[in-house]
Amino acid sequence: MSDERIIIFDTTLRDGEQSPGASLNTREKLEIARQLTLLKVDIIEAGFPIASPGDFEAVQEIAREVEGPTIAGLARCLKKDIDRAAAAVDPAARKRIHLFLATSEIHRKFKLKKAQKEILKQAVEMVEYAKQFCDDIEFSPEDASRTEGDFLVEIIEATIAAGATTVNIPDTVGYALPGPFGETIARLVSDVPNIDQAVISVHCHNDLGLAVANSLAGVVNGARQVECTINGIGERAGNASLEEIVMALKTRKDYYGLETKIETRRILTTSRMVSNLTGLFVQRNKAIVGQNAFAHEAGIHQDGILKERTTYEIMHPEDVGFSDTNLVLGKHSGRHAFRERLLKLGFEVSEEDLNSLFDAFKVLADKKKEIYDEDLIALIEEDFAHVDETFELVRMHTTSGIDVTPTATIKLQRIGTNEPIEDAAVGDGPVDAIYNTIDRITGVNCRLLDYQIRAITRGKDALGEVSLRVEHEGIEMHGRASSTDILEASARAYLNAIGKIVRQQNKEVGDSQGV
Ligand code: KIV
Ligand code: ZN
């Protein structure tokens, strides 16, 4: 194979955000989009603008603010969707409208109740319609992997003739297998007469754990764009994982002979950012970005590594952003070293942010002797999460033990006021008591849907990170916080989620009043 380039189409903010419970607000999406730009993805699918006013706003904001990658907006093959998507991506220097319409017999018969001919006509007309807004049009025959081969060839040829510049082949339900999926792509290359006028893309879901394998089979057979997400997040079992695709192409360039533009050293930071903001933890043994991805436990492996790294290591951990010296800073580290480390981790912060982060770092360094990269990332995400807070935790006292009733006494201050409010409550444990007290003070009674706690780094003095999900009046929200005190982290994660709920409620009132 020749040294060609694979286009990386990142859909973390669209398909990835469709992961159950992973919803992100505009500011969080913008932060991820900026990081994806540093990572050098070619295309950011920023959302599905018709889906909600929030989705529209996020796509438009990213189109306005983010320079470099092409910004894509998703649309069904309907004029109202295309109008919304076109308006949302309009501010981008490089923009794309991504149209989709289901083509498989199952979808035609049960979902759309339309014949092949009608689907074909609708797809062609809508590609032509979208073309007036921008040149860069992608068409996806949804459920392509279960679509009859002849019909797939026909609709791909027709949509290219109508102006589609990328034709994407989705394995929507993760049903495909590498062999047959590769053959589908090979057939398009050989049987679609105008295929040279478009880029073939693949978009694979992971229901059988084959999303990456299927995508790569597509690449071997002629696909030149891969749609993927950070950490493989997405609908159900997720999408093909960006880091696995990119590192497979890089590590096995001898076989694929293909390159991407991705700055692989930024992979880990991006993975952690997405995990923190979505609340979707990365499993320890996850390829490329899991905590154990480069950890050698067996003595025989460790011995081999010490003698010659390549005996058991096929990639350099540094190439994906695991730092060479993980132990980074301590109490006596200065501002300069602190800034340098942040830069190395991929965070460019303003002078003002650097001051507040450095103060927070000093407080942490007083509690914790050794500060690792993971601690610094948590510190930054923590600083970022403050923006969402409506209530500040001023004081907290808890009692718990065996044969005592757990209680919490908490003082909160609504941000922007000078009136602290104090209250107390009991619970069936200290965390329950904390949450009952916060509910009483804020008046926002949340149902706790999920609560997870983990140590960010090793050691008994490690930062504990609490990630939770709550529901209040139909709004589901994720909250997270870290602290060396896990009860404090529990309280602040809950306040973080409440802050986002209050913001969303205020926004909905504003939207309904046309503000
Ligand atoms: O999985 C799918 O079919 C999709 C399309 C919208 C491309 O996400
Ligand atoms: Zn999908």
Side-chain angles (χ1 to χ4, degrees), residues 19-24 28 231 233 271-286 289-292 295 360 363-364 367-386 388-389 391 393 396-402 404 406-408 410 412 425-439 442 444 446-472 476-501:
S19 303
S23 73
L24 297 162
E28 290 166 333
N231 300 335
I233 64 170
S271 158
R272 288 187 176 158
M273 178 186 286
V274 169
S275 167
N276 284 339
L277 294 179
T278 57
L280 299 173
F281 282 135
V282 172
Q283 79 205 46
R284 287 183 92 90
N285 62 329
K286 161 88 176 62
V289 290
Q291 237 171 308
N292 290 357
V363 172
L364 181 62
K367 295 185 189 160
K368 195 175 178 297
K369 251 193 355 241
E370 297 165 335
I371 309 272
Y372 297 90
D373 285 349
E374 289 86 348
D375 295 320
L376 294 183
I377 293 169
L379 207 73
I380 289 182
E381 297 299 347
E382 200 60 37
D383 195 57
F384 187 72
H386 281 318
D388 277 318
E389 269 152 33
F391 294 93
L393 183 61
M396 183 172 86
H397 177 255
T398 54
T399 51
S400 71
I402 296 166
V404 288
T407 59
I410 294 178
L412 296 182
V426 296
D428 64 9
V431 174
D432 189 40
I434 289 170
Y435 292 168
N436 289 338
T437 311
I438 293 177
D439 284 352
T442 61
V444 182
C446 291
R447 200 157 58 90
L448 190 63
L449 304 176
D450 188 28
Y451 172 96
Q452 294 185 51
I453 187 159
R454 69 172 186 125
I456 291 184
T457 51
R458 48 192 170 267
K460 285 192 216 131
D461 64 351
L463 276 179
E465 180 184 67
V466 172
S467 175
L468 50 77
R469 190 161 300 287
V470 297
E471 187 270 336
H472 172 72
E476 217 181 291
M477 211 49 91
H478 164 245
R480 61 167 293 280
S482 54
S483 167
T484 46
D485 177 334
I486 56 171
L487 291 178
E488 183 191 333
S490 300
R492 297 212 351 260
Y494 197 67
L495 287 170
N496 180 237
I498 287 183
K500 291 186 196 170
I501 288 174

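Along the sequence shown, residues are numbered consecutively beginning with 1.
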Legend entry - OG-NZ distance between Ser483 and Lys367, expressed to the nearest 0.5 angstrom: 5.0 Å

Legend entry - Counterpart residues, ring pair (Phe, Tyr, Trp, His ring centres under 6.0 Å), relative to Tyr494 (two or more places apart): Tyr435

Inset, instruction - Please round to the nearest 0.5 Å and tell me the distance separating atom OG of Ser275 and atom CE of Met273. - result: 11.5 Å

Legend entry - Test item: Leu379 and Asp375 side chains (from C-beta on) under 4.5 Å apart, heavy atoms: no

Inset, instruction - Verify, without hydrogens or angle tests, whether Thr437 (side chain) and Ala425 (backbone) share a donor-acceptor contact under 3.5 angstrom. - result: yes

Legend entry - Minimum-distance pair of heavy atoms, taken over all atoms of Glu476 and Leu449: CG-CD1, 3.4 Å

Inset, instruction - Would you give the length of the straight line joining atom CZ of Arg272 to atom CD1 of Ile377, rounded to the nearest 0.5 angstrom? - result: 4.5 Å

Inset, instruction - State whether the side chain of Asn292 and the backbone N or O of Asn285 hold a donor-acceptor pair below 3.5 Å, judged by distance alone. - result: no

Inset, instruction - First locate atom CD of Gln283, then atom CD of Gln291, and finally report the distance between them rounded to the nearest 0.5 Å. - result: 12.0 Å

Legend entry - Interatomic spacing from CD in Gln452 to CZ in Arg469 - rounded to 0.5 Å: 9.5 Å

Inset, instruction - Could you tell me whether the side chain of His478 reaches within less than 4.5 Å of the side chain of Glu28, counting heavy atoms only? - result: no

Legend entry - Minimum heavy-atom distance Val470-Leu448, with the two atoms named: CG1-CD1, 3.8 Å

Inset, instruction - Report yes if some heavy atom in the side chain of Asn231 is under 4.5 Å from a heavy atom in the side chain of Leu280; otherwise report no. - result: no

Legend entry - Validation row: Asn276, Glu465 side chains within 4.5 angstrom (heavy atoms): yes

Inset, instruction - Using the test side chain to side chain donor-acceptor pair (under 3.5 Å), find all partners of Arg284 that sit at least two apart in sequence or belong to another chain. - result: none

Inset, instruction - Examine distances only and state if a side-chain atom of Thr278 and a backbone atom of Val274 form a donor-acceptor pair shorter than 3.5 Å. - result: yes

Legend entry - Shortest non-hydrogen contact from Ala378 toward Ser482: CB-OG, 3.8 Å

Inset, instruction - Considering non-hydrogen atoms only, spot the tightest contact between Ala462 and Ala455 and give its length. - result: CB-CB, 4.2 Å

Inset, instruction - Please tell me if the side chains of Cys446 and Ile498 come closer than 4.5 Å, counting only heavy atoms from C-beta onward. - result: yes

Inset, instruction - Quick one: closest heavy-atom pair of Leu468 and Ala497, and the distance? - result: CD1-CB, 4.1 Å

Inset, instruction - Before giving the answer on side-chain contact (heavy atoms from CB on, under 4.5 Å), spell out for Leu364 and Thr484 the whole-Å C-alpha distance, their side-chain angles and the decisive distance to 0.1 Å. - result: CA-CA 8 Å; Leu364 181 62; Thr484 46; 4.2 Å; yes

Legend entry - Nearest-0.5 Å distance, OG of residue Ser271 to NZ of residue Lys286: 7.0 Å

Legend entry - Other residues, nucleotides, ligands: >12 heavy atoms within 6.0 Å of Leu393 CG: yes

Inset, instruction - Would you indicate whether the side-chain heavy atoms of Ile410 and Ile434 approach each other to under 4.5 Å? - result: yes

Inset, instruction - Report yes or no: does Asn496 contribute a side-chain atom to a donor-acceptor pair with the main-chain N or O of Arg492 at less than 3.5 Å? - result: no

Legend entry - Closest approach of Ile486 to Val466 (non-hydrogen atoms, all atoms of both residues): O-CG2, 4.1 Å

Inset, instruction - Without swapping roles, check the side chain of Asp461 against the backbone of Lys368 for a donor-acceptor pair under 3.5 Å. - result: no

